[in-house]
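What you see below is based on every heavy atom in this structure, not just the backbone, and it leaves out hydrogens, waters and symmetry mates.
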Amino acid sequence: MTFNYIAAFFFIVLGFYCMITRHNLFKIVIGMSVVDYGTNLLIVSIGATNGGTAPIYTPGEIHPGTVFVDPIPMALTLTSIVIGACITAMALSLVIKLYERYGTLDTREIRRLHG
């Protein structure tokens, strides 16, 4: 379980590092996606329960000591995945338009053009 938190922290830090230190717009968008994946892993890890079962049951299946997994973090993660995919698609379409207009993906060059 601790490994999931370490991996989530690693992905979030790696994504922010890519977003801050890279000047290529495509790499910045990839960094945004990596932060999104790390956040999703963190949310799922928080909601996970060791030995837990799915919260789908009939009244006769409940026994004392039965542990269920919280479904709310899983639903939030599913929503986050869909939103993240849409944001990535939108960001990549903007990157394509910037490349068509300026002929470069370097943020330093785009800032200098002011056109």
- Message: Testing the basics here: between A8 and L41, what is the closest heavy-atom pair and its distance to 0.1 Å?
- Response: N-CD2, 3.6 Å

- Message: Minimum heavy-atom separation for G31 and C18, please, with both atom names.
- Response: CA-CB, 3.9 Å

- Query: Given the rule that I, L, V, M, F, W and Y join up when any side-chain heavy atoms are under 4.5 Å apart, are Y37 and L14 in one cluster?
  - Reply: no

- Do N24 and D106 pass the side-chain contact (heavy atoms from CB on, under 4.5 Å) test, and can you show the C-alpha distance, the side-chain angles, and the key distance before you say yes or no? CA-CA 5 Å; N24 187 326; D106 191 359; over 6 Å; no

- Query: Linking I/L/V/M/F/W/Y whenever any side-chain heavy atoms sit under 4.5 Å apart, do F26 and L94 land together?
  - Reply: no

- Do V29 and T88 have side chains that get closer than 4.5 Å, going by heavy atoms? yes

- Message: Taking M32 as the starting point, is it possible to reach I96 by hopping between hydrophobic residues whose side chains are less than 4.5 Å apart?
- Response: no

- Validation row: I110, L105 side chains within 4.5 angstrom (heavy atoms): no

- Could you state whether I87 and I12 fall into the same hydrophobic cluster, counting links through intermediate Ile, Leu, Val, Met, Phe, Trp or Tyr residues with side-chain heavy atoms under 4.5 angstrom apart? yes

- Query: Would you say the side chain of V13 lies within less than 4.5 Å of the side chain of F9, judging by non-hydrogen atoms?
  - Reply: yes

- Query: Can any side-chain N or O of S80 pair as donor or acceptor with the backbone N or O of L76 at less than 3.5 Å?
  - Reply: no

- side-chain contact (heavy atoms from CB on, under 4.5 Å) assessment of L42 paired with N4: CA-CA 7 Å; L42 182 65; N4 289 349; over 6 Å; no

- Query: Under 6.0 Å from the OH atom of Y5, do we count more than 12 heavy atoms belonging to anything else shown?
  - Reply: yes

